[in-house]
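Remarks on the structure that follows.
Along the sequence shown, the residues carry numbers beginning at 1. Note that the structure is predicted; figures quoted are calculated from it, not measured.
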Amino acid sequence: MGVTGPIRVVVAKPGLDGHDRGAKVIARALRDAGMEVIYTGLHQTPEQIVDTAIQEDADAIGLSILSGAHNTLFAKVIELLKEREAEDIKVFGGGIIPEDDIAPLKQLGVAELFTPGATTTEIVSWVNANVRQPAQT
């Protein structure tokens with residue numbers, strides 16, 4: 001019962017952060033690697049992001065957060081996916097995320113976090129290796 005076709009990723013900018021160049025670069029890199037990318041644009045609420053991911057039958061959500069609200073926003077997206085019984089959609093993200101916040105976010109259910117300096121190649125490789133794969137237990 002394997003899923004076929006390209007990996008589908010929703011790339012989103014939650015909250016009030018108005019800088020989307022990084023998100024657009026990631027969206028293009030994922031698209032160039034053969035994935036279907038749905039870019040939601042700026043100022044999305046966690047509810048809008050989860051609705052889009054479910055409607056688009058996405059395999060993953062990539063959140064780009066530079067505003068400092070990563071703990072709240074990642075937690076809300078994970079919580080909404082659980083409420084909607086869509087925990088199979090993997091959540092990963094990037095942005096300005098302090099080292100001390102990475103482990104707690106992963107414990108919440110964020111699959112991976114990329115900090116400044118991560119290359120598009122690393123991110124594409126991670127998505128290819130980890131999305132649609134069973135979670136490591």
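Heavy atoms from other residues, nucleotides or ligands lying under 6.0 Å from CD of Glu83 number more than 12. Remark: His43 NE2 is packed, more than 12 non-hydrogen atoms of other residues, nucleotides or ligands lying under 6.0 Å away.
Here the shortest heavy-atom pairing between Pro46 and Leu73 reads CG-CD2, 3.9 Å. When all heavy atoms are compared, the tightest approach of Pro6 to Asp59 is O-OD2, 4.1 Å. Residues Val131 and Ala60 share a closest heavy-atom pair of CG2-CB, 3.9 Å. Minimum interatomic distance between Lys106 and Leu113 (heavy atoms only, all atoms of both residues): CE-N, 4.3 Å. Looking at every heavy atom in both residues, Ala29 comes nearest to Val124 through O-CG2, 3.8 Å. Contact detail for Ala111 and Lys90: the closest heavy-atom pair is CB-CD, 4.3 Å.
Considering only heavy atoms from C-beta on, Val9 stays 4.5 Å or farther from Arg31 through its side chain. Side-chain contact check for Arg84 versus Asp51: some heavy-atom pair is nearer than 4.5 Å. Side-chain atoms of Ile65 and Ile97, non-hydrogen and from C-beta on, never get closer than 4.5 Å to each other. At least one side-chain heavy atom of Tyr39 sits under 4.5 Å from a side-chain heavy atom of Asp20. When side chains are defined from C-beta on, Ile49 counts as touching Pro14, because their heavy atoms get closer than 4.5 Å. Side chains of Ile54 and Ile89 form a contact here, defined as non-hydrogen atoms less than 4.5 Å apart. Between Leu63 and Val110, the closest side-chain pair of non-hydrogen atoms is not below 4.5 Å. When side chains are defined from C-beta on, Leu105 counts as touching His70, because their heavy atoms get closer than 4.5 Å.
The existence of a salt bridge linking Lys82 and Glu79 is excluded, since no basic side-chain nitrogen approaches an acidic carboxylate oxygen closer than 4.0 Å.
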key: Asn130 and Glu112: CA distance, side-chain angles, deciding distance, side chain to side chain contact (heavy atoms under 4.5 Å, CB included) verdict   = CA-CA 9 Å; Asn130 292 280; Glu112 188 59 85; over 6 Å; no
ask   = Step by step, would you call Phe74 with Asp101 a side chain to side chain contact (heavy atoms under 4.5 Å, CB included)?
value = CA-CA 11 Å; Phe74 277 113; Asp101 291 345; over 6 Å; no
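The hydrophobic cluster containing Ile61 does not contain Val37, counting ILVMFWY residues as joined when their side-chain heavy atoms lie under 4.5 angstrom apart, directly or transitively. Under the 4.5 Å side-chain heavy-atom criterion for grouping Ile, Leu, Val, Met, Phe, Trp and Tyr, Met35 is connected to Phe114 within one hydrophobic cluster. Follow the hydrophobic side-chain contacts under 4.5 Å out from Ile78 and you reach Ile102 in the same cluster. Follow the hydrophobic side-chain contacts under 4.5 Å out from Leu108 and you reach Val50 in the same cluster. The hydrophobic cluster containing Val25 does not contain Ile123, counting ILVMFWY residues as joined when their side-chain heavy atoms lie under 4.5 angstrom apart, directly or transitively.
Screening Ile26, Asp32, Leu30 for a side-chain contact (heavy atoms from CB on, under 4.5 Å) with Arg28, the sole residue that qualifies is Asp32.
No donor-acceptor pair closer than 3.5 Å links the side chain of Lys13 to the backbone N or O of Ala23.
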